[in-house]
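Working notes for the structure below.
In what follows, every heavy atom counts, from backbone to side chain, and hydrogens, waters and symmetry copies are set aside. The chains referred to below are lettered A, B, ... by the order of the sequence lines, with proteins before strands, and numbering in each begins at 1.
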2 protein chains.
Amino acid sequence: MSTTKPTKSPYHHGDLRRAVLTAALDVIAADGPSGLSLRDLARRAGVSHAAPAHHFKDRTGLLTAIAAEGFGLLAATIAEAVDLKDAGVRYVRFAREHPAHFQVMFAPELLREGDLELTTARALASEALGGAVSAVPPEGRGPDARLAGVAAWSLAHGFATLLLGHNLDGAVGEREPEEVFRVLAGMLFRSG
Amino acid sequence: MSTTKPTKSPYHHGDLRRAVLTAALDVIAADGPSGLSLRDLARRAGVSHAAPAHHFKDRTGLLTAIAAEGFGLLAATIAEAVDLKDAGVRYVRFAREHPAHFQVMFAPELLREGDLELTTARALASEALGGAVSAVPPEGRGPDARLAGVAAWSLAHGFATLLLGHNLDGAVGEREPEEVFRVLAGMLFRSG
DNA sequence: GGGCAATCTTGTCAGTGTCAAGTTGTGGAA
DNA sequence: TTCCACAACTTGACACTGACAAGATTGCCC
């Protein structure tokens, strides 16, 4: 409480956009996107009920901004992967560390599909994933490279999704989910 | 329009529960669970705004009923699978034929987790999936049978989810999604 | 210093979920 | 057949929400 929160709330928040985003991520991680309320976010940030709309236009705009940010973060971490298995592990780790982003990114009915930031960020992530797939030597990925990518993505996405939904609690147990996924990825591509 | 829809709407709808469920499935398939409104469903069924609540208690109750129905349907089709690959294909087909059920089934924050019907239906589906996994000969499923099940489920679930989100439109193209998945499943378990 | 645009507030409207209380119809017991 | 208890549905109300319009405040740039 050194620099932030002056005694009397000033007219200008300072970084309301970020504050609303962060609060929204908290709420979504706890209650899902359906638990999100712009007015609640406004209260949390200590501003009037209509203030958030000025930064995000509307609820869809806020969720679209979250999805775009998520795709950017995902693209960044996938781009650093050393091979496809590592990319999968990073995908799973991303879902665990950014569950709110992850949920919103794959809920198209909540997003403004035409949005430019969203489109470019998603393209970036797709590109990073494609790079990880093409790094696999041809003999290790079967006849169709396109399908190898779909298989890897499906496995990672399914594992991450089921994990976040607590559908794998029993099977994963005390182990680190990323390590479990490493085994699954080994099943899909013989060499690794 | 032979037996249904009498000219003057009678006080008792006849099968309001089913009518609301069906309408809800339509709405969810089109706009997702967030587009669902009890009052809208009531209007579609031609009843007063509070009538649906009498059958489902509240919004959560309606969605829970849908999820339970979904798990029942899924369990039934998985139970008929001849092997694990077929079970995966049926999983994908279920997601395509019942997209609304599928979405709701795996949105835990929208459901009443304690619900008895939900719990039993989900257990039934889990049991059916376990049966399909245990039908695979030990040499074909790797060291850990539990993980083989997780791998199969993750692959099918991820593929189905990405498919419904239109994330695989380019990769799948004109092919039947079930056939594409058959190839993916072949990558995961060498023999098939 | 003056104006201007971004930021935030206030007020309002239609729509929603949920609850409480009343109304209507149905099926089963007497 | 009559009647009554219960299920199905209606009506009315309240608090909450997203969205919009119009006004107030403030920092910034010329």
Side-chain angles (χ1 to χ4, degrees), chain A residues 3-24 26-28 30-67 104 107 109-112 115, chain B residues 3-24 26-28 30-67 104 107 109-112 115:
Chain A
T3 63
T4 56
K5 196 179 184 185
T7 43
K8 277 305 179 73
S9 60
Y11 203 96
H12 283 45
H13 177 281
D15 196 1
L16 181 58
R17 186 186 156 90
R18 190 67 249 171
V20 169
L21 275 174
T22 305
D26 282 351
V27 172
I28 295 171
D31 299 340
S34 58
L36 201 68
S37 150
L38 289 183
R39 290 174 108 105
D40 177 49
L41 297 179
R43 280 189 292 266
R44 290 175 184 239
V47 294
S48 78
H49 64 221
H54 200 270
H55 291 271
F56 301 101
K57 167 91 176 168
D58 55 12
R59 226 182 91 103
T60 303
L62 169 58
L63 291 166
T64 301
I66 290 175
V104 173
E109 70 273 7
L110 300 179
L111 308 178
R112 186 127 39 221
D115 186 82
Chain B
T3 63
T4 57
K5 196 178 184 184
T7 42
K8 275 304 178 74
S9 61
Y11 202 94
H12 283 44
H13 177 281
D15 196 1
L16 180 58
R17 187 186 155 89
R18 189 67 248 171
V20 168
L21 275 174
T22 306
D26 283 351
V27 172
I28 295 171
D31 299 340
S34 59
L36 200 69
S37 150
L38 290 182
R39 290 175 108 105
D40 178 48
L41 298 179
R43 280 189 292 268
R44 290 175 185 237
V47 295
S48 78
H49 65 213
H54 201 271
H55 291 272
F56 301 102
K57 166 94 174 165
D58 55 12
R59 225 183 93 104
T60 304
L62 169 59
L63 291 166
T64 301
I66 290 175
V104 174
E109 71 273 5
L110 299 179
L111 308 178
R112 186 125 40 219
D115 186 83

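For the pair His49(B) NE2 and dT16(C) C1', the interatomic distance rounds to 10 Å; values are reported in whole Å. Nucleotide dC9(D) holds its C1' atom 15 Å from the CG atom of Leu38(B), rounded to whole Å. One can place CZ of Arg43(A) at 14 Å from P of dT9(C), the figure rounded to the nearest angstrom. The distance between atom CG of Asp31(B) and atom C1' of dT16(C), rounded to the nearest whole Å, is 16 Å. Distance Arg18(A) CZ to dT7(C) C1': 19 Å, rounded to the nearest Å. Straight-line distance from the CG atom of Leu16(A) to the C1' atom of dT9(C): 12 Å, rounded to whole Å.
Residue Val104(A) forms a side-chain contact (heavy atoms from CB on, under 4.5 Å) with just one option from Leu110(A), Leu63(A), Leu36(A), and that option is Leu63(A).
Here Ser37(B) does not reach the OP1 or OP2 of dG15(C): none of its side-chain N or O atoms lies under 4.0 Å away. Dashed line: the shortest gap from a side-chain N or O of Arg17(B) to OP1 or OP2 of dA7(D) is not under 4.0 Å.
For DNA chain C, the residues of residues 50-66 of chain A within the heavy-atom distance limit of 4.0 Å (strictly under) are Ala50(A), Ala51(A), His54(A), His55(A), sorted by number.
Asp40(A) meets the side chain to side chain contact (heavy atoms under 4.5 Å, CB included) test with Val27(A), Ser37(A), Arg43(A), Arg44(A); sequence neighbours excluded. In terms of the salt bridge (charged side-chain N to carboxylate O under 4.0 Å, His left out) criterion, Arg39(A) has no residue partners (sequence neighbours excluded).
Residue Leu41(B) holds its CG atom at 6.5 Å from CG of Leu62(B), rounded to the nearest 0.5 Å.
Residue order along DNA chain D, read from the 5' end via each residue's closest nucleotide, puts Gly14(B) first among Gly14(B) and Arg39(B).
Here the closest heavy-atom approach between residue Ser34(B) and residue Glu109(A) is recorded as OG-CG, 4.3 Å. For the residue pair Leu38(A) and Pro52(A), the shortest heavy atom distance occurs at O-CG, 4.0 Å.
Contact annotation for Leu36(A): backbone-only contact, meaning every heavy-atom pair under 4.0 Å involves sugar-phosphate atoms and none involves a base.
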